[in-house]
Amino acid sequence: MALPGSIQAAPSGALGFDADSVISLDAAQQFVSQGYEFCVRYLSRGIGQAPDDLSPAEASAILAAGLGLMAVQHVRMPGWSPSAGLGQTDGNNAANNARTVGFPPGVNIWCDMEGVNAALLPQDVIDYCNAWFAAVSADGYVPGLYVGDNVVLNGQQLYDLPFEHYWKSASAVPVLPARGYQMIQTLVPELVNGMGIDQDTTQTDGEGGQAIWLIGTTA
């Protein structure tokens, strides 16, 4: 069942957060009262959503509170080895899980790229990203790339990927030529509303691109 809401380009300067905890309606309303405008929650790598990952009920509560919503897929433990086959599998599962949650086509679904085995060749990472992108876009979603630490790729190699939406982690990461990033993450050392979060701020990138979220019809 599709989530109620509309797809919108994120305005520059919007404050949001990403969290690996289930967000209740009360918590979502607290975040709204504190000036947050959107959040990013997690999709599982496997088939079907894990209990702590985003569910249709949680997504509906987040939207009902007035927060924009996007999703990012969990990454593996540091030292993992991307490949084209793994990218296809992960991308297919990301798209299927996004559909199960109720996301309509056209919203950003993010690939978390970080912690890659430093011995790998850049082409292995490129192959993974290309396959993930193809699988997610084939389902009508708009793939985005979260760039964390140890991605192996340099800025030009990241820019040459088919992605048009990039999210900068709080780690030291490559500068993207021309385009730059559409979301900037900062670490939050203390709990906010009883949960651990990172803050994220949107911006229009150097090529006019913006993050794309789902926002509730009542917001």
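Since the structure is predicted, the reported quantities are computational estimates derived from the model, not experimental observations.
- With contacts defined as side-chain heavy-atom distances shorter than 4.5 Å, the pair S6/L214 does not qualify.
- Side-chain contact between D124 and V152: absent, with no pair of heavy atoms (C-beta onward) separated by less than 4.5 Å.
- The backbone N or O of A211 lies less than 3.5 Å from a partner atom in the side chain of Q182, making a donor-acceptor pair.
- Within the 4.5 Å cutoff, side-chain heavy atoms of M183 are placed close to those of F38.
- Contact annotation: the side chain of L54 approaches that of Q49 to within less than 4.5 Å [non-hydrogen atoms, C-beta and beyond].
- The closest donor-acceptor contact from the side chain of S55 to the backbone of P51 lies at 3.5 Å or more, if one exists at all.
- Heavy-atom contacts from other residues, nucleotides or ligands closer than 6.0 Å to CD1 of I47 number 12 or fewer.
- Here D18 pairs with Q185 under the side-chain hydrogen bond (donor to acceptor under 3.5 Å, both in side chains) rule; sequence neighbours left out.
- In this structure, L120 is a member of the same hydrophobic cluster as V147, with clusters built from ILVMFWY side-chain heavy atoms closer than 4.5 Å.
- Residues V175 and Y146 are members of separate hydrophobic clusters, defined by side-chain heavy-atom contacts under 4.5 angstrom among Ile, Leu, Val, Met, Phe, Trp and Tyr.
- The hydrophobic clustering, which links ILVMFWY residues whose side-chain heavy atoms are closer than 4.5 Å, places L25 and Y36 apart.
- Ring planes of Y42 and H74: parallel class, angle under 30° (limits at 30 and 60°).
- Inter-residue side-chain proximity for W132 and P82 is flagged as unmet; no heavy-atom pair is nearer than 4.5 Å.
- Under the rule for a salt bridge (Lys or Arg N to Asp or Glu O under 4.0 Å), the partners of D205 that lie at least two apart in sequence or sit in another chain are R179.
- Connection of L15 to L63 is established within a shared hydrophobic cluster, with ILVMFWY side chains joined at heavy-atom distances below 4.5 Å, either directly or through further cluster members.
- Ring orientation note: the planes of Y166 and Y181 are nearly perpendicular, at an angle over 60° on the 30°/60° scale.
- Between the CZ atom in F17 and the CD1 atom in I23 there is a gap of 4.0 Å [rounded to 0.5 Å].
- A donor-acceptor distance shorter than 3.5 angstrom exists from the side chain of N108 to the backbone of V142, with no hydrogens or angles considered.
- Here the two rings, on F103 and Y141, have centers that are 6.0 Å apart or farther.
- Considering only heavy atoms from C-beta on, F133 stays 4.5 Å or farther from L145 through its side chain.
- Taking the side chain as every heavy atom from C-beta outward, M113 and L153 never approach each other to under 4.5 Å.
- With Q210 contributing its side chain and P11 its backbone, the two residues share no donor-acceptor pair below 3.5 Å.
- Distance alone, capped at 3.5 Å, places no donor-acceptor pair between the Q88 side chain and the G85 backbone.
- Distance alone, capped at 3.5 Å, is enough to place a donor-acceptor pair between the N97 side chain and the S44 backbone.
- Checked by atom type, the side-chain pair Q123/D127 shows a donor-acceptor distance below 3.5 Å.
- Formation of a donor-acceptor pair under 3.5 Å by the R41 side chain with backbone atoms of A19 is found in this model.
- Checked by atom type and distance alone, the side chain of Q199 never pairs as donor or acceptor with a backbone atom of T186 at under 3.5 Å.
- V22 and F31 fall into different hydrophobic clusters, where Ile, Leu, Val, Met, Phe, Trp and Tyr side chains are chained together by heavy-atom contacts under 4.5 Å.
- The structure places CZ of F163 at 5.0 Å from SG of C111, a figure rounded to the nearest 0.5 Å.
- With contacts defined as side-chain heavy-atom distances shorter than 4.5 Å, the pair S169/D149 does not qualify.
- P56 and L3 make their closest contact through O-CD2, 3.9 Å (heavy atoms, listed as atom of the first residue, atom of the second, distance).
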